[in-house]
Amino acid sequence: MDEEPTPKRGLARNTANYGDRDFALYLRRSFAKSMGYSQAMLDRPVVGIVDTGSGFNNCHRTVPELIEAVKRGVLAAGGLPLPFPTVSLCEPSLFPTSMHYRNLAALDTEAMLSAQPMDAAVLIGGCDKTVPAQLMAAASADIPAVQLVTGPMLATPFQGERLSACTDCRRYWAAYRAGRVTAERIGEIEGRLATTAGTCGVMGTASTMACIAETLGMVPLGQGSIPAVHADRLRAAEEAGALAVKLIAAPIRPSEIITAASVENALRVLLALGGSTNALIHLTAIAGRRGVHVDLHRLNELSDTTPVLVDLKPTGEGYMEDFHAAGGMPALLWELRDLLHLQTRDVTGLTLEQRLCELVFVDRRYIRARAEPVSPVGGLVALFGSLAPRGAILKRSAATTSLFEIEARAVVFDGLEDLANRIDDPGLDVTERDILVLKNAGSLTPAGMPEAGYLPIPQKLARAGVKDMVRMSDCRMSGTAFGTIVLHITPEAAAGGPLALVESGDRVRLSVQQRRLDLLVDATTLERRRAAWQPPARPSRGWDRIVADQVLQADEGCDLAVLRPAR
Ligand code: FES
């Protein structure tokens, strides 16, 4: 096997291994010429453009025109732009859940970034799992890369209010379940919730991840929140192409951008946004690719000293277009600057301190001053205790404070099917003071850790006017949802965590003040239940089997063990 000579550029990189590298390059150029490129073009440095356009992915509807804009930027800067497809994940289009395939997208993207002859890349993503997958891939492949997000959709004015996916979807559906909205009305609303291209229009997972990518430094500052249909979005794409070419001459690799300091900045921002709980799992996975550990105890310390400053749905009133117009991430980072590591560098090569030289504009309706926060403490809190030895998460900014200190009876569902079968049963033994517990829905199960943590309020309670009650599980919750909901209980039930042993009628204690989540069952009873517990059967083949064999728990970002860096 011949040795790779000194680093090559453009099409001369990563030649196929025929035992004769000169022949391999000759062959590659001759095939590339079949696409009509001149020799001058083929001699240019190559920028790969990750194309996640898909007929199944409404959030990526604008990807074709974004690619054209990126190409303009690459060509004008002297590079050769070459788009290539990767797995595309749209949140509502995938069974059992898009989370089950995030690592497949990350693996696919990393492999193609590494195998194909490119000097830098522009990663086009947007919907919830695509940006995390691309950042995980870039962190591992470690080639110069710029993240370009598709941008949020616009809210739709409708009969005196504004609507956007997907907080309003949940709000109307809950009202429908409670009998306050008719079937005709819910059908009418269905056509008004997502009326433009782009990702969900609230501070859900996609928007949170765009803000995190901006904070990490993989998206140029100010560009993560530009609406999908705004002309500035195309200019940002053109700029991303030019920037990628610039990164070839003066490389700044993801390993220099995604560091312990920038990850901590991203955690601060997640807390100040009141952002999605899913983003914590994704950030943990991205950081893990660079050997950076996200410690949930440290999250609690940060949460106690980071106010929520952004007032958007699902907890406030604004939409992403309001956040962008209010000053976006530059204004939020300016507000937080004394809490941040300012020497982190972004894809432009500038430090955060250099990027935050002045506050250009801020609209205080959506981005509050430190003296007048939405909440004086951060949006997320980690809980530990006998029910969650390795942690669980509560989005306190979206929860009911009167439910923060509670000891109550558990009403347990063994899995999603059991939940679906019994939750609306008029005979279900449940009151609003009980705690709903769902188990066997974590990443090791065929359910694939879906966003089912937002357990519906039992219909008979919803119809009686109950709007929130404590719910807990080993699965996730949409970033657009709200309620007193404990998520990501780790280890999950299918891994044999204490959650597997909970039964209806057990007492469970939640204390947000003490950061505790405890199962109040004596050790002898738990031992007896453990002896009878059986782990779930493993899938026999394919991706499902790879996941079952390799997936890590939520406190390690649910990455695949084999994709983490060698220790
Ligand atoms: Fe794609 Fe919400 S469904 S961002």
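Note that ligands are numbered from 1 as they come in the structure, with each ligand's atoms numbered from 1 the same way. Model, not experiment: these values are computed from the prediction. No hydrogens, no waters, no symmetry mates; every other heavy atom, side chains included, goes into these values.
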*Does the side chain of H324 reach to within under 4.5 Å of the side chain of Q223, using non-hydrogen atoms?*
no
_Let's go through S98 and E91 carefully: what are the C-alpha distance in whole Å and the side-chain angles of both, what is the deciding distance for side-chain hydrogen bond (donor to acceptor under 3.5 Å, both in side chains) to 0.1 Å, and is it a yes or a no?_
CA-CA 6 Å; S98 66; E91 197 58 30; 2.6 Å; yes
*Among the heavy atoms of C166, does any lie under 4.0 Å from an atom of ligand 1?*
no
*asked:* If the cut-off is 2.8 Å, does any N/O/S atom of C200 fall short of it from atom 2 (Fe) of ligand 1?
replied: yes
_Suppose I only count heavy atoms of T199 and a 4.0 Å limit; which atoms of ligand 1 are within that range?_
4 (S)
_Aromatic plane relationship, F482 with Y454 - under 30° parallel, 30 to 60° tilted, over 60° perpendicular_ = perpendicular
*Decide, yes or no, whether a salt bridge links E238 with R235 under the criterion of side-chain N to carboxylate O below 4.0 Å.*
no
*Can an N, O or S atom be found in C59 less than 2.8 Å away from atom 1 (Fe) of ligand 1?*
yes
*Salt bridge present between E110 and R289 (N-O < 4.0 angstrom)*: yes
*CD/E214 to CE/M329 distance, rounded to the nearest 0.5 angstrom?*
5.5 Å
*Which of the ligand 1 atoms, numbered from 1, are nearer than 4.0 Å to a heavy atom of E91*: 3 (S)
*What part of P92, side chain from CB on, backbone N/CA/C/O, both or neither, has a heavy atom under 4.0 Å from ligand 1?*
side chain
*Using a strict 4.0 Å cut-off to heavy atoms of D128, name the atoms of ligand 1 that fall inside it.*
2 (Fe), 4 (S)
*In ligand 1, which numbered atoms sit nearer than 4.0 Å to a non-hydrogen atom of A206?*
4 (S)
